[in-house]
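Remember, it's a predicted structure, so these values are computed and weren't measured experimentally. Numbered from 1 within each chain, the chains take letters A, B, ... in sequence-line order.
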2 protein chains.
Amino acid sequence: MARRPTTADPFNAVAEPRRRQILDLLATGERSVNDLAGLLNLKQPQVSKHLKVLKAVGLVNVRGAGRRRLYTMNGDKLKPIHDWVKRFERMWAERLDRLDEYLKELQSGEDPG
Amino acid sequence: MARRPTTADPFNAVAEPRRRQILDLLATGERSVNDLAGLLNLKQPQVSKHLKVLKAVGLVNVRGAGRRRLYTMNGDKLKPIHDWVKRFERMWAERLDRLDEYLKELQSGEDPG
DNA sequence: AGATTATATACCCATATCGGAATATATCAA
DNA sequence: TTGATATATTCCGATATGGGTATATAATCT
């Protein structure tokens, strides 16, 4: 067998950074394909293809508007990822009081609070 | 270019269901390779290979113990995933009061509370 | 040293990927 | 209809994957 297709589930679809960027933009509202291509400095065919993957796993919806197609985000499909990751939340929350972790936070410039 | 390697980042490493299962088990404590293989009905080489990927992205640590190698989980590396997904949390939380979403919850047998 | 156990690595193969480039489809305008 | 714009699809090529199987390495025991 080979690697699981990107269209298998949101986990695989979202593993591609470009697609996360697209979702980041769609989270703010409806966007057309060329709109996204311009904002992300991508070529139109690649954007169409990424959107096709996102559509396949239900992460986006489309609406025809004249000769354009406006995409919106469907965040619900991210919930399984959230649920899975959340179970490990304590693994980085509980250790904030440990000195080594604290120092790491300081070094990386993050807010330890 | 081809698809981003599984070792590129935790997003890609965790897109594989087997690796999520391995992390689920390691979250409960240290495990040896054969231990994991037995619990997941996988062959030893596949487990070693999955662990290699998880190690490459820092999601697990190893400790030699005699002729065995005990793996532990390092949850910190999941934080970027958590942070990214959490930004969309309102997209499924805010809509719980909408009728269609509510019905979906009921149909899927989930707790709408 | 030789035997046994635990784990890692190497090799093969079918499959999917992502970007690039070209082309097809669709919608509108004149 | 012809032309322009917006999007989707097709073909290509380099690359990595994950399972299977066999083999190599490592540590322990007698």
Side-chain angles (χ1 to χ4, degrees), chain A residues 1-23 25-26 29-73, chain B residues 1-23 25-26 29-73:
Chain A
M1 233 173 274
R3 191 173 178 179
R4 178 141 328 182
T6 57
T7 53
D9 53 64
F11 277 97
N12 282 279
V14 151
E16 166 68 31
R18 301 301 202 180
R19 286 194 282 268
R20 289 202 298 279
Q21 291 180 347
I22 289 177
L23 291 179
L25 286 174
L26 291 183
E30 243 177 4
R31 296 281 189 184
S32 72
V33 178
N34 270 335
D35 212 357
L36 294 168
L39 290 166
L40 297 175
N41 279 321
L42 291 176
K43 313 219 166 165
Q44 174 265 316
Q46 329 303 333
V47 176
S48 281
K49 280 185 278 189
H50 282 313
L51 287 169
K52 189 176 187 176
V53 173
L54 293 173
K55 183 82 174 59
V57 297
L59 273 167
V60 300
N61 294 321
V62 210
R63 173 173 80 87
R67 61 183 104 179
R68 299 193 304 158
R69 313 202 68 203
L70 299 180
Y71 284 82
T72 54
M73 181 172 180
Chain B
M1 231 172 275
R3 192 173 180 178
R4 182 145 317 192
T6 57
T7 53
D9 53 64
F11 278 96
N12 281 279
V14 152
E16 167 67 32
R18 300 300 202 181
R19 286 194 283 268
R20 289 202 298 279
Q21 291 180 346
I22 289 177
L23 291 178
L25 286 173
L26 291 183
E30 244 176 3
R31 295 283 188 184
S32 71
V33 177
N34 270 338
D35 213 357
L36 294 168
L39 290 166
L40 297 175
N41 278 321
L42 290 177
K43 313 220 166 165
Q44 174 267 316
Q46 331 303 333
V47 175
S48 281
K49 281 187 276 189
H50 282 313
L51 287 169
K52 190 176 187 177
V53 173
L54 293 172
K55 184 80 174 58
V57 298
L59 273 167
V60 299
N61 294 320
V62 210
R63 174 173 80 88
R67 61 183 105 179
R68 300 193 304 157
R69 314 202 68 202
L70 299 180
Y71 284 81
T72 55
M73 181 172 180

Between C:dG19, D:dG18, D:dA8, which nucleotide has the shortest distance from any of its atoms to the side chain of A:V33?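 My answer, after comparing the listed nucleotides, is D:dA8.
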Got a sec? Which of residues 42-52 of chain B come in under 4.0 Å of DNA chain D, heavy atoms? B:K43, B:P45, B:Q46, B:K49, B:H50
If you apply the rule side-chain contact (heavy atoms from CB on, under 4.5 Å), what do you find for B:L59 with B:L23, and how did you get there? CA-CA 8 Å; B:L59 273 167; B:L23 291 178; 4.1 Å; yes
If we ignore hydrogens and angles and just use 3.5 Å, is the side chain of [X] paired with the main-chain N or O of [Y] as donor and acceptor?
X: A:R63; Y: A:L70; value: no
X: B:N12; Y: A:A15; value: yes
X: A:R20; Y: A:V14; value: yes

Between atom [atom1] in [X] and atom [atom2] in [N], what is the gap in whole Å?
X: B:L36; N: C:dT7; atom1: CG; atom2: P; result: 9 Å
X: B:Q21; N: D:dG18; atom1: CD; atom2: C1'; result: 14 Å
X: A:R18; N: C:dG20; atom1: CZ; atom2: C1'; result: 14 Å
X: B:N41; N: D:dG18; atom1: CG; atom2: P; result: 19 Å

According to side chain to side chain donor-acceptor pair (under 3.5 Å), who are the partners of [X], at least two apart in sequence or on a separate chain?
X: A:Q21; value: none
X: A:R4; value: none
X: B:R19; value: B:H50

Give, ordered by number, those residues of residues 56-71 of chain B having at least one heavy-atom distance below 4.0 Å to an atom of DNA chain C; if nothing qualifies, reply none. B:R67, B:R68, B:R69, B:Y71
Looking at residues 3-11 of chain B, who's got a heavy atom less than 4.0 Å off DNA chain C? B:R3
Gap between atom CG of B:L42 and atom CG of B:L36 - 0.5 Å precision: 9.0 Å
Would you say A:S32 reaches D:dA6's phosphate, i.e. side-chain N/O to OP1/OP2 under 4.0 Å? no
Phosphate contact (C:dT5 OP1 or OP2) by B:N34 side-chain N/O below 4.0 Å: no
Should A:R31 and A:L39 count as side-chain neighbours, where that means a heavy-atom distance under 4.5 Å? yes
Tell me, do B:Q44 and B:S48 make a side-chain contact under 4.5 Å, heavy atoms counted? yes
Report the C-alpha separation of B:Y71 and B:N61 in whole Å, then their side-chain angles, then the decisive distance to 0.1 Å, and conclude whether the side-chain contact (heavy atoms from CB on, under 4.5 Å) test is met. CA-CA 6 Å; B:Y71 284 81; B:N61 294 320; over 6 Å; no
